[in-house]
S.K.: 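Just passing along the structure, written as C-alpha coordinates.
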There are 2 protein chains.
Amino acid sequence: MPGQRSITEAEKLAEAKLGGSSFRHDQMAVVANIYRAASAVRQHLENSVLRGVDLTWTAFVVLWVVWIWGESETRHVAEEAGISKGTLTGVARTLERRGLVQRADHPTDGRLVLLSLTDEGEQLMQRVFPAFNEEEAFVTGQLSDADCRTVADGLRRVVLQVEEKGEERRRDLLEGAAPAPRRSGRRKA
Amino acid sequence: MPGQRSITEAEKLAEAKLGGSSFRHDQMAVVANIYRAASAVRQHLENSVLRGVDLTWTAFVVLWVVWIWGESETRHVAEEAGISKGTLTGVARTLERRGLVQRADHPTDGRLVLLSLTDEGEQLMQRVFPAFNEEEAFVTGQLSDADCRTVADGLRRVVLQVEEKGEERRRDLLEGAAPAPRRSGRRKA
DNA sequence: CGGTATTTGTTCGGGTCCAAATCATACTTC
DNA sequence: GAAGTATGATTTGGACCCGAACAAATACCG
(Lines give C-alpha, C1' and ligand atoms only; values in the text may rest on other atoms or scores of the structure.)
Protein backbone atom coordinates (compact mmCIF):
# COMPACT_ATOMS: atom_id res chain seq x y z
CA MET A 1 0.00 0.00 0.00
CA PRO A 2 1.63 3.25 -1.12
CA GLY A 3 1.69 6.16 1.25
CA GLN A 4 -0.40 9.29 1.22
CA ARG A 5 -1.25 10.51 -2.27
CA SER A 6 -0.80 14.08 -3.31
CA ILE A 7 -3.28 16.41 -1.69
CA THR A 8 -5.17 18.78 -3.91
CA GLU A 9 -4.65 22.51 -3.82
CA ALA A 10 -8.09 23.03 -2.32
CA GLU A 11 -7.33 20.70 0.56
CA LYS A 12 -4.10 22.56 1.32
CA LEU A 13 -5.98 25.86 1.36
CA ALA A 14 -8.60 24.43 3.67
CA GLU A 15 -5.86 23.21 5.96
CA ALA A 16 -4.39 26.72 6.04
CA LYS A 17 -7.73 28.38 6.66
CA LEU A 18 -8.84 25.94 9.32
CA GLY A 19 -5.51 24.79 10.69
CA GLY A 20 -5.92 26.80 13.85
CA SER A 21 -9.28 25.51 14.91
CA SER A 22 -9.94 21.88 15.62
CA PHE A 23 -11.71 19.84 12.98
CA ARG A 24 -11.74 16.35 11.55
CA HIS A 25 -9.39 16.59 8.65
CA ASP A 26 -9.26 13.02 7.33
CA GLN A 27 -13.02 12.68 7.52
CA MET A 28 -13.51 15.90 5.57
CA ALA A 29 -11.17 14.62 2.88
CA VAL A 30 -13.25 11.45 2.48
CA VAL A 31 -16.51 13.34 1.99
CA ALA A 32 -14.97 15.91 -0.33
CA ASN A 33 -13.38 13.26 -2.51
CA ILE A 34 -16.43 11.03 -2.58
CA TYR A 35 -18.29 13.89 -4.13
CA ARG A 36 -15.51 14.92 -6.48
CA ALA A 37 -15.14 11.35 -7.66
CA ALA A 38 -18.87 10.89 -8.11
CA SER A 39 -19.09 14.02 -10.26
CA ALA A 40 -16.03 13.11 -12.30
CA VAL A 41 -17.20 9.56 -12.94
CA ARG A 42 -20.72 10.61 -13.84
CA GLN A 43 -19.43 13.30 -16.15
CA HIS A 44 -17.11 10.90 -17.94
CA LEU A 45 -19.72 8.18 -18.36
CA GLU A 46 -22.36 10.61 -19.59
CA ASN A 47 -19.99 12.13 -22.11
CA SER A 48 -18.63 8.83 -23.39
CA VAL A 49 -21.02 5.88 -23.59
CA LEU A 50 -24.31 7.42 -22.43
CA ARG A 51 -24.48 10.46 -24.68
CA GLY A 52 -24.31 8.30 -27.78
CA VAL A 53 -27.43 6.36 -26.79
CA ASP A 54 -29.16 9.45 -25.40
CA LEU A 55 -29.36 8.33 -21.79
CA THR A 56 -28.77 10.42 -18.70
CA TRP A 57 -26.93 8.88 -15.76
CA THR A 58 -30.14 8.47 -13.80
CA ALA A 59 -32.00 6.97 -16.72
CA PHE A 60 -29.20 4.44 -17.13
CA VAL A 61 -29.20 3.55 -13.43
CA VAL A 62 -32.95 2.94 -13.51
CA LEU A 63 -32.61 0.75 -16.58
CA TRP A 64 -29.77 -1.13 -14.92
CA VAL A 65 -31.78 -1.80 -11.77
CA VAL A 66 -34.73 -3.15 -13.74
CA TRP A 67 -32.38 -5.17 -15.92
CA ILE A 68 -30.65 -6.79 -12.96
CA TRP A 69 -33.68 -7.30 -10.74
CA GLY A 70 -36.20 -8.09 -13.45
CA GLU A 71 -39.78 -6.82 -13.29
CA SER A 72 -39.99 -4.82 -10.05
CA GLU A 73 -42.28 -2.61 -8.03
CA THR A 74 -41.47 1.05 -8.57
CA ARG A 75 -40.83 1.72 -4.90
CA HIS A 76 -38.02 -0.84 -4.94
CA VAL A 77 -36.58 0.55 -8.13
CA ALA A 78 -36.49 4.05 -6.66
CA GLU A 79 -34.85 2.73 -3.50
CA GLU A 80 -32.19 0.77 -5.40
CA ALA A 81 -31.53 3.58 -7.87
CA GLY A 82 -31.08 6.03 -5.01
CA ILE A 83 -33.74 8.49 -6.18
CA SER A 84 -37.07 9.53 -4.71
CA LYS A 85 -40.36 8.02 -5.79
CA GLY A 86 -41.37 11.31 -7.36
CA THR A 87 -38.27 11.47 -9.47
CA LEU A 88 -38.74 7.90 -10.61
CA THR A 89 -42.23 8.69 -11.86
CA GLY A 90 -40.76 11.25 -14.25
CA VAL A 91 -37.78 9.17 -15.31
CA ALA A 92 -39.97 6.10 -15.88
CA ARG A 93 -42.28 8.21 -18.01
CA THR A 94 -39.34 9.32 -20.14
CA LEU A 95 -38.09 5.76 -20.55
CA GLU A 96 -41.59 4.51 -21.34
CA ARG A 97 -42.02 7.20 -23.99
CA ARG A 98 -38.79 5.98 -25.57
CA GLY A 99 -40.03 2.40 -25.52
CA LEU A 100 -37.35 1.06 -23.20
CA VAL A 101 -39.50 0.12 -20.20
CA GLN A 102 -43.13 -0.78 -19.73
CA ARG A 103 -45.56 -0.47 -16.83
CA ALA A 104 -47.94 -3.12 -15.58
CA ASP A 105 -50.52 -3.23 -12.82
CA HIS A 106 -49.81 -5.49 -9.90
CA PRO A 107 -52.08 -8.57 -10.17
CA THR A 108 -53.44 -8.34 -6.62
CA ASP A 109 -52.54 -4.91 -5.22
CA GLY A 110 -54.01 -2.08 -7.25
CA ARG A 111 -51.72 0.49 -5.69
CA LEU A 112 -48.53 -0.99 -7.06
CA VAL A 113 -46.99 -0.46 -10.47
CA LEU A 114 -44.52 -2.91 -11.95
CA LEU A 115 -41.66 -1.88 -14.21
CA SER A 116 -39.94 -4.13 -16.70
CA LEU A 117 -37.70 -3.74 -19.75
CA THR A 118 -39.14 -3.99 -23.23
CA ASP A 119 -37.28 -6.12 -25.77
CA GLU A 120 -35.73 -2.93 -27.06
CA GLY A 121 -34.64 -2.02 -23.55
CA GLU A 122 -33.17 -5.46 -23.03
CA GLN A 123 -31.22 -5.22 -26.28
CA LEU A 124 -30.01 -1.74 -25.40
CA MET A 125 -28.64 -2.89 -22.06
CA GLN A 126 -26.89 -5.88 -23.59
CA ARG A 127 -25.18 -3.49 -25.93
CA VAL A 128 -24.48 -0.61 -23.56
CA PHE A 129 -23.47 -2.38 -20.38
CA PRO A 130 -20.18 -3.81 -21.70
CA ALA A 131 -19.16 -0.34 -22.89
CA PHE A 132 -20.21 1.14 -19.56
CA ASN A 133 -18.21 -1.45 -17.67
CA GLU A 134 -15.18 -0.68 -19.86
CA GLU A 135 -15.32 2.92 -18.69
CA GLU A 136 -15.74 1.86 -15.09
CA ALA A 137 -12.47 0.04 -15.58
CA PHE A 138 -10.98 3.17 -17.16
CA VAL A 139 -11.86 5.55 -14.35
CA THR A 140 -10.43 3.12 -11.79
CA GLY A 141 -7.39 2.57 -13.96
CA GLN A 142 -4.99 3.81 -11.30
CA LEU A 143 -6.24 1.25 -8.77
CA SER A 144 -5.34 -2.41 -8.55
CA ASP A 145 -8.06 -5.01 -8.06
CA ALA A 146 -7.14 -5.12 -4.38
CA ASP A 147 -7.28 -1.31 -4.17
CA CYS A 148 -10.75 -1.43 -5.71
CA ARG A 149 -11.96 -3.88 -3.11
CA THR A 150 -10.51 -1.78 -0.33
CA VAL A 151 -12.09 1.44 -1.58
CA ALA A 152 -15.45 -0.22 -2.27
CA ASP A 153 -15.32 -1.72 1.19
CA GLY A 154 -14.75 1.64 2.82
CA LEU A 155 -17.54 3.24 0.82
CA ARG A 156 -19.97 0.47 1.74
CA ARG A 157 -19.26 1.21 5.38
CA VAL A 158 -20.14 4.85 4.85
CA VAL A 159 -23.41 3.87 3.18
CA LEU A 160 -24.19 1.39 5.94
CA GLN A 161 -23.47 3.92 8.66
CA VAL A 162 -25.88 6.46 7.16
CA GLU A 163 -28.55 3.87 6.39
CA GLU A 164 -28.44 2.26 9.82
CA LYS A 165 -27.77 5.19 12.11
CA GLY A 166 -28.58 8.27 10.06
CA GLU A 167 -32.21 8.64 10.99
CA GLU A 168 -31.53 8.37 14.70
CA ARG A 169 -28.65 10.78 14.37
CA ARG A 170 -30.81 13.39 12.69
CA ARG A 171 -33.45 13.01 15.37
CA ASP A 172 -30.90 13.56 18.10
CA LEU A 173 -29.46 16.61 16.36
CA LEU A 174 -32.86 18.29 16.17
CA GLU A 175 -33.58 17.60 19.84
CA GLY A 176 -37.33 17.66 19.33
CA ALA A 177 -37.21 20.87 17.34
CA ALA A 178 -39.43 21.15 14.27
CA PRO A 179 -37.75 19.44 11.27
CA ALA A 180 -37.59 22.68 9.29
CA PRO A 181 -39.52 22.24 6.04
CA ARG A 182 -37.80 22.61 2.73
CA ARG A 183 -38.02 26.07 1.23
CA SER A 184 -38.97 24.67 -2.13
CA GLY A 185 -41.80 22.21 -2.50
CA ARG A 186 -45.53 21.98 -2.93
CA ARG A 187 -47.77 24.30 -0.93
CA LYS A 188 -51.14 23.50 0.52
CA ALA A 189 -53.92 24.19 -1.95
CA MET B 1 -6.76 -4.20 7.12
CA PRO B 2 -9.96 -6.21 7.51
CA GLY B 3 -11.03 -8.50 4.72
CA GLN B 4 -13.86 -8.10 2.26
CA ARG B 5 -16.94 -6.42 3.69
CA SER B 6 -20.43 -7.71 3.15
CA ILE B 7 -21.61 -7.31 -0.41
CA THR B 8 -25.00 -5.77 -0.96
CA GLU B 9 -27.92 -7.74 -2.35
CA ALA B 10 -27.80 -5.80 -5.60
CA GLU B 11 -24.17 -6.70 -6.16
CA LYS B 12 -24.95 -10.40 -5.67
CA LEU B 13 -27.77 -10.20 -8.20
CA ALA B 14 -25.51 -8.47 -10.68
CA GLU B 15 -22.94 -11.20 -10.20
CA ALA B 16 -25.62 -13.82 -10.92
CA LYS B 17 -26.89 -12.02 -14.00
CA LEU B 18 -23.48 -11.27 -15.40
CA GLY B 19 -21.42 -14.09 -13.94
CA GLY B 20 -21.29 -15.92 -17.23
CA SER B 21 -19.96 -13.10 -19.34
CA SER B 22 -16.66 -11.42 -18.62
CA PHE B 23 -16.73 -8.08 -16.95
CA ARG B 24 -14.71 -6.04 -14.46
CA HIS B 25 -16.39 -6.81 -11.19
CA ASP B 26 -14.23 -4.96 -8.65
CA GLN B 27 -14.19 -1.84 -10.80
CA MET B 28 -17.96 -1.88 -11.10
CA ALA B 29 -18.27 -2.14 -7.33
CA VAL B 30 -16.13 0.97 -6.88
CA VAL B 31 -18.23 3.09 -9.23
CA ALA B 32 -21.52 1.81 -7.83
CA ASN B 33 -20.47 2.48 -4.26
CA ILE B 34 -19.00 5.88 -5.00
CA TYR B 35 -22.38 6.95 -6.22
CA ARG B 36 -24.31 5.29 -3.44
CA ALA B 37 -22.06 6.89 -0.86
CA ALA B 38 -22.28 10.30 -2.50
CA SER B 39 -26.08 10.18 -2.44
CA ALA B 40 -26.24 8.93 1.12
CA VAL B 41 -23.82 11.55 2.40
CA ARG B 42 -25.48 14.38 0.54
CA GLN B 43 -28.89 13.28 1.76
CA HIS B 44 -27.75 13.13 5.37
CA LEU B 45 -26.01 16.48 5.30
CA GLU B 46 -28.93 18.20 3.60
CA ASN B 47 -31.41 16.78 6.08
CA SER B 48 -29.32 17.54 9.16
CA VAL B 49 -27.25 20.71 9.17
CA LEU B 50 -28.12 22.28 5.81
CA ARG B 51 -31.90 22.20 6.00
CA GLY B 52 -31.90 24.27 9.17
CA VAL B 53 -30.02 27.12 7.50
CA ASP B 54 -31.92 26.70 4.22
CA LEU B 55 -28.97 25.75 2.06
CA THR B 56 -28.86 23.10 -0.62
CA TRP B 57 -25.76 20.96 -0.98
CA THR B 58 -24.64 22.86 -4.05
CA ALA B 59 -25.22 26.23 -2.45
CA PHE B 60 -23.13 25.13 0.53
CA VAL B 61 -20.31 23.86 -1.68
CA VAL B 62 -20.20 27.17 -3.54
CA LEU B 63 -20.11 29.10 -0.26
CA TRP B 64 -17.40 26.79 1.00
CA VAL B 65 -15.22 27.32 -2.06
CA VAL B 66 -15.50 31.10 -1.84
CA TRP B 67 -14.88 30.93 1.91
CA ILE B 68 -11.70 28.88 1.52
CA TRP B 69 -10.29 30.58 -1.56
CA GLY B 70 -11.41 34.11 -0.79
CA GLU B 71 -12.66 36.43 -3.53
CA SER B 72 -12.47 34.39 -6.74
CA GLU B 73 -13.27 34.49 -10.41
CA THR B 74 -16.49 32.66 -11.13
CA ARG B 75 -14.86 30.26 -13.59
CA HIS B 76 -12.60 29.01 -10.80
CA VAL B 77 -15.48 28.70 -8.36
CA ALA B 78 -17.47 26.61 -10.84
CA GLU B 79 -14.44 24.45 -11.51
CA GLU B 80 -13.74 23.88 -7.81
CA ALA B 81 -17.39 23.32 -6.94
CA GLY B 82 -17.70 20.80 -9.74
CA ILE B 83 -20.62 22.49 -11.50
CA SER B 84 -20.93 24.14 -14.91
CA LYS B 85 -20.60 27.88 -15.46
CA GLY B 86 -24.26 28.11 -16.31
CA THR B 87 -25.33 26.44 -13.11
CA LEU B 88 -23.08 28.69 -11.06
CA THR B 89 -24.74 31.77 -12.52
CA GLY B 90 -28.06 30.61 -11.08
CA VAL B 91 -26.70 29.45 -7.73
CA ALA B 92 -24.72 32.66 -7.28
CA ARG B 93 -27.86 34.65 -8.04
CA THR B 94 -29.72 32.76 -5.33
CA LEU B 95 -26.94 33.32 -2.82
CA GLU B 96 -26.66 36.97 -3.77
CA ARG B 97 -30.41 37.41 -3.30
CA ARG B 98 -30.03 35.98 0.20
CA GLY B 99 -27.19 38.37 0.96
CA LEU B 100 -24.54 35.70 1.44
CA VAL B 101 -22.25 36.51 -1.50
CA GLN B 102 -21.53 39.60 -3.57
CA ARG B 103 -20.32 40.18 -7.13
CA ALA B 104 -17.63 42.58 -8.25
CA ASP B 105 -16.14 43.48 -11.61
CA HIS B 106 -12.56 42.51 -12.26
CA PRO B 107 -10.38 45.64 -12.15
CA THR B 108 -8.62 45.04 -15.48
CA ASP B 109 -10.47 42.30 -17.38
CA GLY B 110 -14.04 43.28 -18.15
CA ARG B 111 -15.11 39.72 -18.91
CA LEU B 112 -14.52 38.43 -15.41
CA VAL B 113 -16.79 38.53 -12.39
CA LEU B 114 -15.46 38.14 -8.87
CA LEU B 115 -17.37 36.43 -6.10
CA SER B 116 -16.83 37.00 -2.39
CA LEU B 117 -18.67 36.37 0.87
CA THR B 118 -20.57 39.15 2.56
CA ASP B 119 -20.12 39.60 6.32
CA GLU B 120 -23.33 37.65 6.76
CA GLY B 121 -21.98 34.86 4.56
CA GLU B 122 -18.75 34.79 6.52
CA GLN B 123 -20.61 34.55 9.81
CA LEU B 124 -22.85 31.81 8.44
CA MET B 125 -19.90 29.69 7.39
CA GLN B 126 -18.17 30.12 10.75
CA ARG B 127 -21.32 28.82 12.35
CA VAL B 128 -22.25 26.08 9.88
CA PHE B 129 -18.89 24.58 9.01
CA PRO B 130 -18.19 23.05 12.44
CA ALA B 131 -21.60 21.37 12.39
CA PHE B 132 -21.02 20.19 8.84
CA ASN B 133 -17.65 18.76 9.78
CA GLU B 134 -19.26 16.95 12.74
CA GLU B 135 -21.53 15.14 10.33
CA GLU B 136 -18.64 14.35 8.02
CA ALA B 137 -17.15 12.60 11.03
CA PHE B 138 -20.45 10.84 11.67
CA VAL B 139 -20.87 9.41 8.19
CA THR B 140 -17.31 8.11 8.28
CA GLY B 141 -17.80 6.78 11.78
CA GLN B 142 -17.06 3.18 10.77
CA LEU B 143 -13.66 4.14 9.38
CA SER B 144 -10.46 4.76 11.31
CA ASP B 145 -8.32 7.78 10.51
CA ALA B 146 -6.04 5.50 8.53
CA ASP B 147 -9.02 4.01 6.67
CA CYS B 148 -10.14 7.53 5.80
CA ARG B 149 -6.76 8.38 4.34
CA THR B 150 -6.74 5.16 2.33
CA VAL B 151 -10.21 5.73 0.92
CA ALA B 152 -9.58 9.40 0.19
CA ASP B 153 -6.34 8.41 -1.50
CA GLY B 154 -8.10 5.92 -3.77
CA LEU B 155 -10.80 8.41 -4.67
CA ARG B 156 -8.24 11.08 -5.50
CA ARG B 157 -6.67 8.68 -7.96
CA VAL B 158 -10.03 8.17 -9.64
CA VAL B 159 -10.49 11.93 -9.93
CA LEU B 160 -6.96 12.37 -11.23
CA GLN B 161 -7.38 9.64 -13.81
CA VAL B 162 -10.51 11.24 -15.24
CA GLU B 163 -9.11 14.76 -15.12
CA GLU B 164 -5.81 13.85 -16.74
CA LYS B 165 -6.79 11.19 -19.23
CA GLY B 166 -10.56 11.50 -19.58
CA GLU B 167 -10.66 13.91 -22.47
CA GLU B 168 -8.22 11.90 -24.56
CA ARG B 169 -10.10 8.72 -23.74
CA ARG B 170 -13.39 10.18 -24.92
CA ARG B 171 -11.75 11.34 -28.13
CA ASP B 172 -10.40 7.88 -28.80
CA LEU B 173 -13.74 6.25 -28.11
CA LEU B 174 -15.50 8.42 -30.65
CA GLU B 175 -12.88 7.69 -33.33
CA GLY B 176 -13.57 10.91 -35.16
CA ALA B 177 -17.33 10.41 -35.07
CA ALA B 178 -19.50 13.43 -34.34
CA PRO B 179 -19.64 14.05 -30.57
CA ALA B 180 -23.41 13.55 -30.49
CA PRO B 181 -25.05 16.71 -29.16
CA ARG B 182 -27.20 16.59 -26.07
CA ARG B 183 -30.89 16.04 -26.74
CA SER B 184 -31.80 18.94 -24.47
CA GLY B 185 -30.18 22.34 -24.77
CA ARG B 186 -30.50 25.69 -26.42
CA ARG B 187 -31.33 25.84 -30.13
CA LYS B 188 -30.01 28.29 -32.66
CA ALA B 189 -32.18 31.39 -32.85
C1' DC C 1 -4.99 49.69 -37.02
C1' DG C 2 -8.47 46.27 -38.47
C1' DG C 3 -10.06 42.24 -38.46
C1' DT C 4 -10.43 37.30 -36.60
C1' DA C 5 -10.05 34.00 -32.91
C1' DT C 6 -10.47 33.06 -28.14
C1' DT C 7 -12.17 33.48 -23.60
C1' DT C 8 -15.56 35.07 -20.33
C1' DG C 9 -20.26 35.10 -18.01
C1' DT C 10 -25.18 34.75 -19.13
C1' DT C 11 -29.36 32.92 -21.23
C1' DC C 12 -32.11 29.16 -22.27
C1' DG C 13 -34.29 24.46 -23.36
C1' DG C 14 -35.07 20.06 -21.72
C1' DG C 15 -34.53 17.18 -17.95
C1' DT C 16 -33.62 15.83 -13.25
C1' DC C 17 -34.29 16.13 -8.18
C1' DC C 18 -36.51 16.34 -3.60
C1' DA C 19 -40.15 16.50 -0.38
C1' DA C 20 -44.76 18.07 0.62
C1' DA C 21 -49.31 17.66 -0.93
C1' DT C 22 -52.51 14.93 -3.16
C1' DC C 23 -54.90 11.09 -5.20
C1' DA C 24 -55.95 6.17 -5.19
C1' DT C 25 -56.26 1.72 -3.34
C1' DA C 26 -55.93 -1.51 0.47
C1' DC C 27 -56.47 -2.77 5.22
C1' DT C 28 -58.75 -2.44 10.01
C1' DT C 29 -62.05 -1.86 13.19
C1' DC C 30 -66.40 -1.38 14.75
C1' DG D 1 -69.95 -1.56 5.28
C1' DA D 2 -68.70 2.97 6.74
C1' DA D 3 -65.15 5.44 8.95
C1' DG D 4 -60.58 5.81 9.73
C1' DT D 5 -55.77 4.46 8.91
C1' DA D 6 -51.93 2.88 6.20
C1' DT D 7 -49.46 2.44 2.04
C1' DG D 8 -48.89 3.09 -2.78
C1' DA D 9 -47.86 6.34 -6.98
C1' DT D 10 -48.35 10.86 -8.87
C1' DT D 11 -48.37 15.97 -9.07
C1' DT D 12 -46.30 20.14 -8.02
C1' DG D 13 -43.10 24.13 -6.69
C1' DG D 14 -38.67 25.70 -6.43
C1' DA D 15 -33.93 24.77 -7.23
C1' DC D 16 -30.38 22.48 -9.89
C1' DC D 17 -27.94 20.86 -13.89
C1' DC D 18 -25.66 20.58 -18.36
C1' DG D 19 -24.18 22.24 -22.60
C1' DA D 20 -25.27 24.87 -26.79
C1' DA D 21 -26.04 29.49 -28.19
C1' DC D 22 -25.08 34.04 -27.31
C1' DA D 23 -23.03 38.77 -26.17
C1' DA D 24 -19.20 41.23 -24.58
C1' DA D 25 -14.47 41.88 -23.89
C1' DT D 26 -9.83 40.61 -24.76
C1' DA D 27 -6.00 38.56 -27.36
C1' DC D 28 -3.78 37.63 -31.46
C1' DC D 29 -2.12 38.59 -36.11
C1' DG D 30 -1.19 40.63 -40.48
Side-chain angles (χ1 to χ4, degrees), chain A residues 38-39 42-47 50-51 54-62 72-79 81-98 103-115 178-189, chain B residues 38-39 42-47 50-51 54-62 72-79 81-98 103-115 178-189:
Chain A
S39 299
R42 176 175 178 154
Q43 200 86 354
H44 176 72
L45 267 299
E46 283 188 336
N47 288 336
L50 296 183
R51 185 78 72 84
D54 193 34
L55 287 177
T56 62
W57 173 274
T58 303
F60 175 80
V61 172
V62 169
S72 309
E73 301 169 12
T74 57
R75 56 186 169 153
H76 293 146
V77 175
E79 168 74 17
I83 59 179
S84 72
K85 296 181 300 170
T87 299
L88 178 60
T89 296
V91 174
R93 192 178 1 243
T94 300
L95 291 173
E96 193 181 19
R97 180 158 34 85
R98 291 194 45 200
R103 287 152 188 282
D105 294 336
H106 190 279
T108 64
D109 192 332
R111 293 168 301 183
L112 303 179
V113 172
L114 300 173
L115 240 49
R182 229 175 186 244
R183 182 79 52 155
S184 69
R186 192 169 180 171
R187 307 275 183 270
K188 271 182 193 165
Chain B
S39 299
R42 176 175 176 155
Q43 200 87 354
H44 176 72
L45 267 297
E46 282 188 337
N47 288 335
L50 296 183
R51 185 79 72 84
D54 193 34
L55 287 178
T56 63
W57 174 274
T58 303
F60 175 81
V61 171
V62 167
S72 309
E73 303 168 10
T74 56
R75 56 184 169 154
H76 293 147
V77 176
E79 167 75 16
I83 59 179
S84 71
K85 298 181 302 173
T87 300
L88 179 59
T89 298
V91 174
R93 194 183 354 249
T94 301
L95 291 173
E96 193 180 21
R97 179 158 35 86
R98 293 193 44 198
R103 287 154 187 279
D105 294 334
H106 190 280
T108 64
D109 191 332
R111 292 169 300 182
L112 304 179
V113 172
L114 300 172
L115 241 47
R182 229 171 187 249
R183 183 81 49 153
S184 66
R186 191 169 179 172
R187 308 273 181 272
K188 273 180 191 165

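Lettering of chains follows the sequences in order, A, B, ..., and the numbering in each one begins at 1. Because only heavy atoms are used, hydrogens play no part in the values below, and waters and symmetry mates are left out as well, while side chains stay in.
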S.K.: Nearest nucleotide by nearest heavy atom, which residue falls closer to the 5' end of DNA chain C, Leu112(B) or Gly86(A)?
M.R.: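 Upstream on the strand: Leu112(B).
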S.K.: So does Thr74(A) get a side-chain nitrogen or oxygen closer than 4.0 Å to the phosphate oxygens (OP1/OP2) of dA9(D)?
M.R.: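 It does, given that an N or O in the side chain of Thr74(A) lies less than 4.0 Å from OP1 or OP2 of dA9(D).
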S.K.: Think Thr89(B) has a side-chain N or O under 4.0 angstrom from the OP1 or OP2 of dT11(C)?
M.R.: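 Thr89(B) to dT11(C) OP1/OP2: no side-chain N or O under 4.0 Å.
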S.K.: To the nearest angstrom, how far is Asp54(A) atom CG from dT16(C) atom C1'?
M.R.: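 From Asp54(A) CG to dT16(C) C1': 14 Å.
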S.K.: For Arg187(B) and for Glu73(B), find the nucleotide of DNA chain C with the closest heavy atom, then tell me which residue's nucleotide is more 5'.
M.R.: Glu73(B)
S.K.: Could you state the atom-to-atom distance from CZ of Arg42(A) to C1' of dG15(C) in whole Å?
M.R.: 11 Å
S.K.: Give a yes/no answer on whether the side chain of Thr94(A) brings an N or O atom under 4.0 Å of OP1 or OP2 in dG15(C).
M.R.: no
S.K.: Using a heavy-atom cut-off of under 4.0 Å over every strand shown, decide if Thr108(B) touches base, sugar-phosphate, or nothing.
M.R.: sugar-phosphate
S.K.: Is it the case that more than 12 heavy atoms not belonging to Asp105(A) sit under 6.0 Å from its CG atom?
M.R.: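 No - once you tally the heavy atoms of other residues, nucleotides and ligands closer than 6.0 Å, there are 12 at most.
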S.K.: Return the 5'-most residue of the pair Gln43(A), Arg186(A) with respect to DNA chain D, ranking by each residue's nearest nucleotide.
M.R.: Arg186(A)
S.K.: Select one nucleotide: of dT10(C), dC16(D), dA6(D), the one nearest the side-chain heavy atoms of Arg103(B).
M.R.: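 Nucleotide nearest to Arg103(B)'s side chain: dT10(C).
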S.K.: Do Lys188(B) and dA21(D) have a side chain to base donor-acceptor pair shorter than 3.5 Å?
M.R.: no
S.K.: What pair of heavy atoms forms the shortest contact from Leu95(B) to Leu55(B), and how long is it?
M.R.: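 In terms of heavy atoms, the two residues are closest at CD2-CD2, 4.3 Å.
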S.K.: Look at the side chain of Asp109(A) and decide which nucleotide, out of dA9(D), dT16(C), dA26(C), has an atom nearest to it.
M.R.: dA26(C)
S.K.: Taking any heavy-atom pair under 4.0 Å as a contact, classify Glu46(B): base, sugar-phosphate, or nothing.
M.R.: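 Nothing, no heavy atom under 4.0 Å.
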S.K.: Taking CD from Glu79(B) and P from dC17(D), how many angstroms apart are they, rounded to a whole number?
M.R.: 15 Å
S.K.: What nucleic acid atoms does Ser84(B) come within less than 4.0 Å of, heavy atoms only: base, sugar-phosphate, or nothing?
M.R.: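 If one applies the 4.0 Å heavy-atom cut-off, Ser84(B) turns out to touch a base.
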S.K.: Measure CH2/Trp57(B) against P/dC18(C) and give the value in whole Å, please.
M.R.: 14 Å
S.K.: Rounding to an integer number of Å, can you tell me how far Arg111(B) CZ sits from dA23(D) P?
M.R.: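 From Arg111(B) CZ to dA23(D) P: 17 Å.
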S.K.: Looking at Asn47(A), I'd like to know whether one of its side-chain N or O atoms comes within less than 4.0 Å of OP1 or OP2 on dC18(D).
M.R.: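 Answer no for this pair, as no side-chain N or O of Asn47(A) is under 4.0 Å from OP1 or OP2.
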S.K.: Starting at CD1 of Ile83(A) and ending at P of dG15(C), how long is that distance when rounded to a whole Å?
M.R.: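 My rounded result for the distance is 16 Å.
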S.K.: Does a side-chain N or O from Arg51(A) land closer than 4.0 Å to OP1 or OP2 of dG19(D), or not?
M.R.: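 For Arg51(A), the contact criterion (side-chain N or O under 4.0 Å from OP1 or OP2 of dG19(D)) is met.
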S.K.: Taking NE2 from His76(B) and P from dT7(C), how many angstroms apart are they, rounded to a whole number?
M.R.: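 So the NE2-P distance, His76(B) to dT7(C), works out to 13 Å.
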S.K.: Need one value for Gly110(A): base, sugar-phosphate or nothing, where a base atom within 4.0 Å counts as base even if backbone is also close, heavy atoms only.
M.R.: sugar-phosphate
S.K.: Would you mind classifying the nucleic acid contact of Thr87(A) as base, sugar-phosphate or nothing, using non-hydrogen atoms under 4.0 angstrom?
M.R.: base
S.K.: Looking at dT8(C), does its base get a donor-acceptor pair with the side chain of Arg75(B) below 3.5 Å?
M.R.: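 It does not, because no donor-acceptor pair links the side chain of Arg75(B) to the base of dT8(C) below 3.5 Å.
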S.K.: Between atom CG in Leu95(A) and atom P in dT16(C), what is the gap in whole Å?
M.R.: 8 Å
S.K.: Is any side-chain heavy atom of Leu115(B) closer than 4.5 Å to one of Ser72(B)?
M.R.: no
S.K.: Assign each of Thr58(B) and Val113(A) to its nearest nucleotide of DNA chain D by heavy atoms, then name whichever residue's nucleotide is nearer the 5' end.
M.R.: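 Whichever sits nearer the 5' end wins; that is Val113(A).
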S.K.: Tell me, do Thr89(A) and Lys85(A) make a side-chain contact under 4.5 Å, heavy atoms counted?
M.R.: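 Thr89(A) does not reach Lys85(A) side chain to side chain.
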S.K.: Side-chain contact test, heavy atoms from C-beta onward, threshold under 4.5 Å: evaluate it for Leu114(A) versus Pro107(A) and give yes or no.
M.R.: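 Of all side-chain heavy-atom pairs linking Pro107(A) with Leu114(A), at least one is under 4.5 Å.
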S.K.: Would you call Glu46(B) and Arg42(B) a salt bridge, taking side-chain N to carboxylate O under 4.0 Å as the test?
M.R.: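 Salt bridge: yes.
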